[in-house]
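A quick write-up on the structure given underneath.
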Amino acid sequence: ALEFDGVTDYLVGALGSNLITTDGTRTVAFWAYLSDNGASNDYFFTLGNANSDDSFGLLINSSDYLSFYDGNTVPNLTTTEASMVGTWTYLVVTYDTDEKVRVYVNGVIDASTPLTYTGITTDLTCNLIIGGRATSVSTVGQIMEVNITNVQVWDAAWTQADVTYA
């Protein structure tokens, strides 16, 4: 597992254009462990520029719920599953051809999803950031204190069966 200190640790992955198409289907899956509830609007990952409407990311908000963001200041979706503190949690976020965003927590689709989201696009000039948020092509902010392992990025939207199998 990678351990991020919440101050300066984050991982820069491949340029977005090497992973997915601008408006294509996608899945991001990973295991995460929060040691305390100190995270507040810190990002597990972003793909694209999170300061524009052209990103795809997951964060934990100040109430310890997961939120999916597309780069706006208001979350597009907040889960009903609270508190992941002190336990490894399997998280999967998908976007499919029916223009639906789904969030799975430990293999179970969250009650607040799917969210119909028309016209999702991603600024692919930014890298995949794990443990933080790309605030421009070269700047990372909202760095999370978290352990993350087994990160997977796919250019296809997983089904419930895929999530359960993985």
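For clarity, every value in this text was computed on a predicted model and none was experimentally measured.
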Only counting residues at least two apart or in another chain, list the ones meeting side-chain hydrogen bond (donor to acceptor under 3.5 Å, both in side chains) with Asn150.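 Applying side-chain hydrogen bond (donor to acceptor under 3.5 Å, both in side chains) to Asn150 gives none.
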Decide yes or no for [X] and [Y]: does some side-chain heavy atom of the first lie under 4.5 Å from some side-chain heavy atom of the second?
| X | Y | result |
| --- | --- | --- |
| Phe68 | Arg102 | no |
| Ile130 | Ile148 | yes |
| Val108 | Asn106 | no |
| Val93 | Phe44 | no |
| Phe4 | Leu11 | yes |
| Thr89 | Val105 | yes |
| Leu91 | Val103 | no |
| Ile109 | Gln160 | yes |

What residues, two or more places apart in sequence or in another chain, satisfy salt bridge (Lys or Arg N to Asp or Glu O under 4.0 Å) together with Asp9?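 If we apply the salt bridge (Lys or Arg N to Asp or Glu O under 4.0 Å) test to Asp9, skipping adjacent residues, there are no hits.
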Which atoms form the tightest heavy-atom contact between [X] and [Y], and what is the distance?
| X | Y | result |
| --- | --- | --- |
| Ala32 | Val146 | CB-CG2, 4.2 Å |
| Thr94 | Ala157 | CB-CB, 4.3 Å |
| Val163 | Gly107 | CG1-CA, 3.7 Å |

To the nearest 0.5 Å, how far apart are [atom1] in [X] and [atom2] in [Y]?
| X | Y | atom1 | atom2 | value |
| --- | --- | --- | --- | --- |
| Trp158 | Thr27 | CH2 | OG1 | 6.5 Å |
| Thr46 | Leu59 | OG1 | CG | 10.0 Å |
| Phe45 | Leu128 | CZ | CG | 8.0 Å |
| Tyr95 | Lys100 | OH | NZ | 10.0 Å |
| Ile60 | Leu34 | CD1 | CG | 5.0 Å |

Presence of salt bridge, Asp155 and Arg26, under 4.0 angstrom: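 Salt bridge: no.
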In terms of ring plane angle, is the pair Trp88 and Tyr33 parallel, tilted or perpendicular, where the classes change at 30° and 60°?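 If you compare the ring of Trp88 with that of Tyr33, the planes turn out tilted.
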